[in-house]
Amino acid sequence: MADFGGPQRVRKLRERRAAEGFVETNISIPKEIREVIDSKVASGAYESRRWAIIDALQKVFLQQDQQPTQAKGP
C-alpha cells in the first residue's frame, strides 16, 4: 500500500526546518566519508547524519581561525 502521507510529512519537515533558520543543501559525498558518518551515528556520537554533518561544518567553517584555507577538490 502506498504511503500517501509521506510527501506531506516531508513538506512539513522542510517548512519546520526553514522556520528554524536551516537551508536545505543537497551534496554528494565520497563513500568513505559516508561510512565514517554512519559509524559515528551508530555509535551514538550523533543523533543523525544531519547533526554529524552540521557539527563537522561548524568546526571547519565557524570555529577555525579567520584565515580561509585553500579549496580542495578531487
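Quick note: residue numbers are just sequence positions, from 1.
- Cation-pi geometry between Arg50 and Phe22 is satisfied (NZ or CZ under 6.0 Å from the ring centre, within 45° of the ring normal).
- Criterion: ILVMFWY side-chain heavy atoms under 4.5 Å apart, direct or through other members. Under it, Ile29 and Phe61 are part of a common hydrophobic cluster.
- Counting non-hydrogen atoms of other residues, nucleotides and ligands closer than 6.0 Å to CD of Glu35 gives a total above 12.
- Residues Val36 and Leu57 do not share a hydrophobic cluster, defined by chaining ILVMFWY side chains whose heavy atoms lie under 4.5 Å apart.
- Put simply, the side chain of Thr25 reaches to within 4.5 Å of the side chain of Ile27, judged on heavy atoms.
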Pair Glu24, Asn26 - check side chain to side chain contact (heavy atoms under 4.5 Å, CB included), show working.
CA-CA 7 Å; Glu24 187 172 337; Asn26 294 310; 3.7 Å; yes
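- Residues passing the side chain to side chain contact (heavy atoms under 4.5 Å, CB included) test with Arg49, sequence neighbours excluded: Arg34, Ile37, Asp38, Val41.
- Taken to the nearest 0.5 Å, the CD1 atom of Ile54 stands 13.0 Å off from the NZ atom of Lys59.
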